[in-house]
Amino acid sequence: MFRFLWTKAAAARARFPVKKMTLTQISSAKCFEGYQKVYEHESSELKCKMRFGIYLPPKTQHVNCPALYWLSGLTCTEQNFITKAASQQAAAEHGIVIVAPDTSPRGCNIQGEDESWDFGTGAGFYLNATEDPWKMNYRMHAYITEESVSALAPICNPVLCPWGQKAFTGYLGSDKSKWETYDATCLARTYSGPPLDILIDQGKDDQFLAAGQLLPENFIAACTHKKIPVVFRLQEGYDHSYYFIATFVGDHIKHHAKYLNA
């Protein structure tokens, strides 16, 4: 039901890693000597109100800190990760700001936006839609940052899985060449950028892995062909739940901290 993807804010050294905008604080709670906050704002890209969670580690009281963006998957709001993943302790330890945006626009009054759990509301797939009636609001790729470098139970090859094919057809149309822009496996096959260091954790008992929705083997094959370093850890006995996420999220924060704090 979820797709989890870390993205690194490569140059994010700001104390508050968002564009200038009017923010309304929805909640604030002290956590491991830092603060877990939720804000609401008007998005110029999505043309609606959006919410995001942000954890500010105690170190931000004195210095600027780097930021990680957590991209939740299908059905999630900003709340799922900040309340279930237990990420704040590791973020406080390493001095990492964590931003958790929502997964799609909400309340845009688009016909059909609430008809399916895996398309429309809660299922933005982090792409810029090009098809009516979605293209005005569903611009999640523009809304969030880029450069994915670690993942927990991700949809690795959406052009070949049922979830991806449904979403990409609806948001991008029938031209499959447009789909490849948002497919990690396709991007890996043609990658020629800076060196990467990719970490993926996957639960062996994940029901969506067994159903052919995630396809990590295709991504690993593409990385192997292009000599892109990737550590893939198939975790015995773990499923697709936030118990799995909470178990390994500390390793992922540490993975990013070694670069963000370098």
Side-chain angles (χ1 to χ4, degrees), residues 1-5 7 9 16-28 36-55 69-85 98-146 148 153-155 158-159 161-184 208 213 240 242:
M1 190 178 295
F2 308 111
R3 179 177 69 174
F4 302 105
L5 181 67
T7 60
F16 207 69
V18 294
K19 295 178 181 179
K20 289 184 178 180
M21 63 182 71
T22 301
L23 297 172
T24 301
Q25 182 171 291
I26 303 300
S27 64
S28 179
Q36 178 63 62
K37 297 176 179 287
V38 174
Y39 286 93
E40 185 175 77
H41 69 101
E42 290 284 348
S43 169
S44 58
E45 285 288 348
L46 307 183
K47 297 177 176 60
C48 66
K49 286 186 177 181
M50 292 293 289
R51 290 188 179 187
F52 64 90
I54 182 168
Y55 179 69
Y69 281 67
W70 169 268
L71 306 184
S72 290
L74 301 176
T75 78
C76 292
T77 70
E78 82 290 340
Q79 287 293 318
N80 294 72
F81 178 73
I82 67 175
T83 60
K84 297 179 180 180
I98 300 182
V99 182
D102 202 347
T103 50
S104 77
R106 295 181 189 270
C108 296
N109 297 317
I110 299 174
Q111 185 175 359
E113 66 182 354
D114 296 321
E115 291 181 359
S116 302
W117 68 268
D118 57 354
F119 184 79
T121 300
F125 268 81
Y126 304 107
L127 52 75
N128 290 342
T130 58
E131 298 295 300
D132 290 326
W134 310 99
K135 64 184 182 182
M136 178 177 292
N137 302 101
Y138 277 66
R139 296 181 50 79
M140 290 300 293
H141 185 269
Y143 182 66
I144 52 91
T145 189
E146 298 180 358
S148 306
I155 302 175
V159 302
C161 78
W163 281 341
Q165 290 169 345
K166 177 179 180 178
F168 288 2
T169 299
Y171 293 137
L172 301 174
S174 59
D175 183 354
K176 293 184 178 180
S177 65
K178 296 180 180 178
W179 299 6
E180 296 180 356
T181 301
Y182 302 103
D183 185 300
F208 301 118
Q213 294 282 18
H240 203 77
Y242 263 98

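Just the heavy atoms: all of them, side chains too, but no hydrogens, waters or symmetry mates, feed the values below.
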Restricting to non-hydrogen atoms, name the atom on [X] and the atom on [Y] that form the minimum distance, rounded to 0.1 Å.
{"X": "N128", "Y": "L172", "answer": "O-CD2, 3.5 Å"}
{"X": "I26", "Y": "Y39", "answer": "CG1-C, 4.2 Å"}
{"X": "P101", "Y": "L71", "answer": "CG-CD2, 3.9 Å"}
{"X": "F81", "Y": "I98", "answer": "CE2-CG2, 3.8 Å"}
{"X": "G124", "Y": "S104", "answer": "N-CB, 3.6 Å"}

Could you state the interatomic distance from [atom1] ([X]) to [atom2] ([Y]), rounded to the nearest 0.5 Å?
{"X": "N137", "Y": "C108", "atom1": "CG", "atom2": "SG", "value": "3.5 Å"}
{"X": "K135", "Y": "I110", "atom1": "NZ", "atom2": "CD1", "value": "12.0 Å"}
{"X": "S116", "Y": "K166", "atom1": "OG", "atom2": "NZ", "value": "3.5 Å"}
{"X": "R139", "Y": "L46", "atom1": "CZ", "atom2": "CG", "value": "8.5 Å"}
{"X": "C76", "Y": "Y242", "atom1": "SG", "atom2": "OH", "value": "4.5 Å"}
{"X": "Q79", "Y": "R51", "atom1": "CD", "atom2": "CZ", "value": "8.0 Å"}

Does a side-chain heavy-atom distance below 4.5 Å link [X] with [Y]?
{"X": "I155", "Y": "F208", "value": "no"}
{"X": "S72", "Y": "E78", "value": "no"}
{"X": "W134", "Y": "E113", "value": "yes"}
{"X": "W117", "Y": "L74", "value": "yes"}
{"X": "Y143", "Y": "D102", "value": "no"}
{"X": "W163", "Y": "F125", "value": "yes"}

Test item: side-chain donor near acceptor, S28 and K37, under 3.5 Å: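 Per modelled atom types, S28 and K37 side chains form a pair under 3.5 Å.
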Step-by-step side chain to side chain contact (heavy atoms under 4.5 Å, CB included) determination, I82 to W70: CA-CA 10 Å; I82 67 175; W70 169 268; over 6 Å; no
Neighbour count >12 (heavy atoms, 6.0 Å) for atom CD, Q25: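 Counting other residues, nucleotides and ligands, CD of Q25 exceeds 12 neighbours.
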Other residues, nucleotides, ligands: >12 heavy atoms within 6.0 Å of K49 NZ: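 For K49, atom NZ is not crowded (no more than 12 foreign heavy atoms under 6.0 Å).
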Verdict with reasoning, R106 to T77, per side chain to side chain contact (heavy atoms under 4.5 Å, CB included): CA-CA 10 Å; R106 295 181 189 270; T77 70; 3.4 Å; yes
Residue pair Y126, T103: steps toward the side chain to side chain contact (heavy atoms under 4.5 Å, CB included) verdict: CA-CA 7 Å; Y126 304 107; T103 50; 3.4 Å; yes
Verdict with supporting geometry, W179 and T169, side chain to side chain contact (heavy atoms under 4.5 Å, CB included): CA-CA 8 Å; W179 299 6; T169 299; 3.3 Å; yes
